Engineer: 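Let me give you the structure first, and then I'll get to my questions.
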2 protein chains.
Amino acid sequence: MSKKEIIHLYKKVIEDLKFSIEKGDYKKGDLLPSENDLCKSYDTTRVTIRQALSSLANMGYITRRHGKGSIVSEPKTGLGILSVSGVTAGIGGQKLITTILDKPIKKDWPSNFFYHLDENAIKAGCIFFSRLRYINNIPVLYEETHITNIDLPRFSSRSLENRSLFKVLKEHYNIEVKEGEQKIWAILADKTISSLLNIKTTHPVVHMKRCLQTNVKGLNIYSSLYCNTEDHFLQDSF
Amino acid sequence: MSKKEIIHLYKKVIEDLKFSIEKGDYKKGDLLPSENDLCKSYDTTRVTIRQALSSLANMGYITRRHGKGSIVSEPKTGLGILSVSGVTAGIGGQKLITTILDKPIKKDWPSNFFYHLDENAIKAGCIFFSRLRYINNIPVLYEETHITNIDLPRFSSRSLENRSLFKVLKEHYNIEVKEGEQKIWAILADKTISSLLNIKTTHPVVHMKRCLQTNVKGLNIYSSLYCNTEDHFLQDSF
DNA sequence: AAACATTACTTGTATATACAAGATAACTTT
DNA sequence: AAAGTTATCTTGTATATACAAGTAATGTTT
């Protein structure tokens with residue numbers, strides 16, 4: 001019954017190093033142990049270690065320098081919403097509070113949904129919820145999320161307040177975002193948005209539509225968000 | 001004198017496949033030749049082929065499916081400005097015209113420059129130019145660029161109109177963008193921007209600041225751009 | 001016809017090894 | 001003291017191989 005998850009070595013190396021960096025064992029500019037040192041530590045070969053390091057470089061945790069080593073990158077600040085990791089991970093030390101405006105409910109897709117849906121997705125319907133995020137008690141970001149309605153036991157009852165949607169999906173359902181795309185506009189806040197973000201209707205906001213594909217076939221996450229960038233900004237690294 | 005550039009096999013595989021995809025030999029949804037087929041074609045081993053394929057997957061050209069193969073991704077449309085490849089590559093089939101407002105000149109960095117500069121960069125000064133980009137004859141995007149002033153022979157005289165800055169840097173100086181970060185705001189157009197983009201001052205625009213690091217130590221590209229997203233949008237894939 | 005098993009093909013993970021090439025400090029020569 | 005050389009560290013590229021695991025079509029049994 002209990003499916004023994006075999007943990008791949010290169011993934012363990014990734015997790016370990018990521019954890020050490022996030023914990024602060026390695027700080028910005030520090031060198032990670034050399035590939036050969038890591039080989040000894042994990043009793044493996046460079047190919048495996050390099051697979052892990054190249055993945056970390058790709059995720060932005062380190063940059064690699066030929067002849068020098070793996071250098072820990074600057075930790076991301078600002079609203080890291082342009083990255084896959086989501087807002088909760090990106091905001092850094094500031095006080096982030098999330099409120100749920102519409103609790104997750106199963107329903108049909110809206111007519112004229114902003115993304116093309118295939119037959120199976122239409123049949124399945126979706127889970128919808130909306131959240132409003134506060135930074136230092138000021139509403140900054142409003143987000144509407146649609147997820148393809150495949151079987152996610154007890155999803156509706158899980159708390160999405162002050163938690164990353166991505167972490168919930170990963171921890172409880174082993175769902176990971178694999179790829180995605182996003183489109184960005186600058187618009188004036190309409191009545192709804194201006195009242196939610198407590199701004200005037202002449203106030204410009206960033207409007208973003210995202211489609212994220214997961215490792216589960218047919219399970220996509222669509223979100224439409226509005227951000228007041230007066231005191232903050234959206235940030236991305238690559 | 002003529003430095004014989006050795007072309008690495010995995011890079012050749014990347015270039016070949018990228019070219020084939022862009023040319024249309026492989027279309028969206030098609031499968032690339034299997035790893036073993038590519039091994040035979042290039043007389044190499046899977047490790048090398050996989051290095052190339054994983055790089056292509058990372059660049060968004062393909063997605064890989066365990067047990068299935070390498071699937072060609074949807075070609076990017078829209079203003080692909082959030083990706084490293086730049087605007088000229090991202091706009092696809094539409095008519096894109098670029099005009100140079102300020103030709104590249106060497107000068108000191110502006111006081112209160114938006115990014116932190118180290119001593120060497122300050123000493124070196126910068127090259128500055130600004131461009132206005134039209135899509136279907138409508139001004140859409142204004143961009144100011146600062147590049148660290150290291151020796152780039154004849155750079156000022158090279159045409160940046162209708163050409164990607166990135167392609168010029170790559171072809172003539174072998175300079176490639178390695179990593180970077182960008183920050184995004186929605187703002188109202190000020191007098192300068194509104195007259196450049198031919199819009200009212202109450203019109204919202206996307207404002208973006210980017211810092212791109214290159215493979216040349218100390219050579220960074222800083223750009224500050226403003227985009228009218230009324231008829232277009234900024235797009236990014238990952 | 002439906003369910004199951006086999007088979008062949010795909011990508012994923014991993015070991016072991018070799019040499020090339022960039023970075024840096026120590027050493028040697030001038 | 002300065003310049004050049006060497007040694008040794010680092011990552012980069014590459015070969016050769018093995019088995020695991022996902023996918024899909026085929027064949028077999030029920």
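Convention: sequence-line order gives letters A, B, ...; per-chain numbering from 1. From a predicted model like this one, the values you see are computed outputs, not experimental measurements.
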Engineer: Rounded to the nearest angstrom, tell me the gap between atom CG in B:Asp43 and atom C1' in D:dA16.
Structural biologist: 12 Å

Engineer: Using the side-chain contact (heavy atoms from CB on, under 4.5 Å) definition, which of the options A:Glu144, A:Arg210, A:Arg133 pairs with A:Leu225?
Structural biologist: A:Arg210

Engineer: Examine C:dT17: is either OP1 or OP2 under 4.0 Å from a nitrogen or oxygen in the side chain of A:Arg46? Give yes or no.
Structural biologist: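 Result: no.
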
Engineer: Any side-chain N or O of A:Arg50 below 4.0 angstrom from OP1/OP2 of D:dG12?
Structural biologist: yes

Engineer: On DNA chain C, compare the nucleotides closest to A:Gly67 and A:Val47; which residue's is nearer the 5' end?
Structural biologist: A:Val47

Engineer: Classify the nucleic acid contact of A:Leu31 as base, sugar-phosphate or nothing, counting any heavy atom under 4.0 Å across all strands shown.
Structural biologist: nothing

Engineer: Nearest whole Å is fine: how far is C:dT11 C1' from A:Gln51 CD?
Structural biologist: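 About 12 Å, once rounded to whole Å.
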
Engineer: A:Ile49 and side-chain contact (heavy atoms from CB on, under 4.5 Å): which partner among A:Asn36, A:Leu38, A:Asp37?
Structural biologist: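 Passing option: A:Leu38.
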
Engineer: Please state how far atom CG in B:Leu53 lies from atom C1' in D:dT13, giving the value in whole angstrom units.
Structural biologist: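 So the two atoms are 16 Å apart, to the nearest Å.
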
Engineer: In terms of side-chain heavy atoms of B:Lys68, which of D:dA14, D:dA24, C:dA14 is nearest?
Structural biologist: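 The answer is D:dA24, which lies nearest to the side chain.
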
Engineer: Mind checking if A:His8 touches a base, just sugar-phosphate, or nothing, with heavy atoms under 4.0 Å?
Structural biologist: sugar-phosphate

Engineer: Just to be sure I understand the rule, does A:Arg65 reach a base, reach only the sugar-phosphate, or reach nothing, if contact means heavy atoms closer than 4.0 Å?
Structural biologist: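 Here A:Arg65 touches the backbone only, sparing every base.
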
Engineer: At under 4.0 Å, does any side-chain N or O of A:Thr48 touch on OP1 or OP2 of C:dT15?
Structural biologist: yes

Engineer: Rounded to whole Å, please give me the gap between NE2 in B:His66 and P in D:dA24.
Structural biologist: 12 Å

Engineer: So with a 6.0 Å cut-off around CZ of A:Arg64, is the heavy-atom count from everything else above 12?
Structural biologist: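 Yes, enclosed.
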
Engineer: With sugar-phosphate meaning primed atoms plus P, OP1 and OP2, does A:Ser34 contact a base, only sugar-phosphate, or nothing at under 4.0 Å between heavy atoms?
Structural biologist: sugar-phosphate

